[in-house]
Amino acid sequence: MTPAIIAFIVLLFIGAPVAVVMAMSGLAGGFAIGGERMLGIIADRMFSGVSGFLLIAVPYFIFTAELMNQGGLTHKLIAFNNALFGRVRGSLSHVNISVSVFFAGLTGAAVTDTVAIGKIMIPEMKNQGYDAEYAAAVTACSSIIGPIIPPSVVMVVYATLLRDISVIDLFAGGIIPGLLMALALLGVSFFLAWKRNYPKQAPTPFKAAIIALLVALPAMVVPLIILGGILSGLTTITEASGFAAVYAIVIGVVFYRNLTWRKIWDALVTTVRFSGVVFFLLATSAVLGWFVTRSGIARDAASMITTFSDAAFVQLMLVCLLLLVIGTVMDVLPALVVIAPVLVPAMIQLGFDPLHFAILMIVVLNISNVTPPVGMTLMTAARIAEVPYERAIVASLPFYVSFLVVIVLLAAFPALSTWIPSLL
């Protein structure tokens, strides 16, 4: 075990890519366990890590999201949500959050949400008198709802790493936590809008609101296609993701008429690049996961957790604190593939519900998207807003506190994560 730990720490410290860190530390651990005869297993583990049929859905989901971005869907969703909140003080702030909820059912990725919505909403918020750092903060914090409300690339990756939970249960389990996060953000947004006297907009006429709904409706059907097909049992997740991609092309070309062959090509290029990163991470995480299973690290981790407290809630809070700390130095997917093979078996061994802990872990790790110094969505939003990263961090603190409240609620009430899956 020691050679693996040394290799992991040294490679991480010198800034090696996370995939290389996992592969080399697993290789060192395997060599320490069984010598040269274990080295032949590494290639087999890497292949098995990316050979699952479920993983075909990942590039399809990414492609669908990119098609929606290229097809100008964001403008339609913003127009519809603006019709809902236009007359309320701080309306653009609330629209920013509500659009992210709708967008979450299309993208499944936080940074994609930040770029697509931020490029439109942040300049408009600045023009109407909102603080630039506040515009960046609300955009970044609302974007992390993307990987929580299904479909979610992170959940597909989790189901591949830990095969004791189906991706259908993960999708269903993420609905209430995602909506809770949106409500928490809206609560903070309403309070800050009232306190800072942010501007209102003119009420949208009823006829214009109906038109905005009808224009956005074809795109809003995409989540229903994916979730409806999967949860009803009519399609597998892979079939649903493929059909969603085809549907996205059809409405972009035929209905909205702004999806060109060039834009489709750009969406394909982005899909290939992002999918390559995901699959390489999964391949190398399989090596590390194999070593964790053979070495008994999960058992040791469970024993260490119980030394702090026997209370289940306290144990969950300690693990959540650990995940938040990890999130300060690692992005969501790398953190997930590194820590999940160790923590999940340990928590199951302690008697926690696998689905409850899975949703809690995904939520907490996604908050790392706004946790400095990594904080990819917050960093991206700050660049779009042309504001120093430090100011965006300060502006995001009220929203961050609301996320912590959601974490406590999810930890204290497992039914928030397990109720909808139990109905299926």
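Note that this is a predicted model, so its numbers are computed, not measured.
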Report task. Check whether any side-chain heavy atom of C320 lies under 4.5 Å from a side-chain heavy atom of L360, and answer yes or no. Result -> yes
Query raised in the report: Measuring from L410:CG to S417:OG, what's the distance to the nearest 0.5 Å?
Result: 5.0 Å
Requested in this report: Spell out, as yes or no, whether a donor-acceptor pair under 3.5 Å connects the side chain of S152 to the backbone of M155.
Outcome: yes
Query raised in the report: Are L378 and Y400 close enough that some pair of their side-chain heavy atoms sits under 4.5 Å apart?
Result: no
Query raised in the report: Side-chain donor-acceptor pair under 3.5 Å between Y198 and D131, yes or no?
Result: yes
Requested in this report: Measure from the side-chain N and O atoms of H356 to the backbone N and O of F413, and report whether any donor-acceptor pair falls under 3.5 Å.
Outcome: no
Query raised in the report: Please walk me through it: do F191 and K195 pass side-chain contact (heavy atoms from CB on, under 4.5 Å)?
Result: CA-CA 6 Å; F191 173 76; K195 184 178 180 181; 4.1 Å; yes
Query - CA sep, side-chain torsions, deciding dist, call: E239, T236, side-chain contact (heavy atoms from CB on, under 4.5 Å) - result: CA-CA 5 Å; E239 292 165 347; T236 65; 3.3 Å; yes
Report task. Could you check if a side-chain atom of Y130 sits within less than 4.5 angstrom of a side-chain atom of R196, using non-hydrogen atoms only? Result -> no
Requested in this report: Check the pair V138 / M121 against side-chain contact (heavy atoms from CB on, under 4.5 Å), numbers first and verdict last.
Outcome: CA-CA 10 Å; V138 72; M121 291 298 300; over 6 Å; no
Query - Trace of the side-chain contact (heavy atoms from CB on, under 4.5 Å) decision for M361 with L323 - result: CA-CA 8 Å; M361 183 178 191; L323 293 173; 3.9 Å; yes
Query raised in the report: Can you name the residues that form a ring pair (Phe, Tyr, Trp, His ring centres under 6.0 Å) with F190, not counting sequence neighbours?
Result: H94
Requested in this report: Compute whether any side-chain donor of one residue and acceptor of the other, for S93 and Y134, lie under 3.5 angstrom apart.
Outcome: yes
Report task. For S143 and S100, test the side chains for any donor-to-acceptor distance below 3.5 angstrom and give the result as yes or no. Result -> no
Query raised in the report: Between Y158 (side chain) and I359 (backbone), is there a donor-acceptor pair under 3.5 Å?
Result: no
Report summary line: So side chain to side chain donor-acceptor pair (under 3.5 Å) across residues 220-229, not counting sequence neighbours, yields none
**Report entry** Side-chain heavy-atom pair I264, F63 within 4.5 angstrom cut-off
**Finding:** yes
Query - Check: F403 and S396 side chains under 4.5 Å, non-hydrogen atoms - result: no
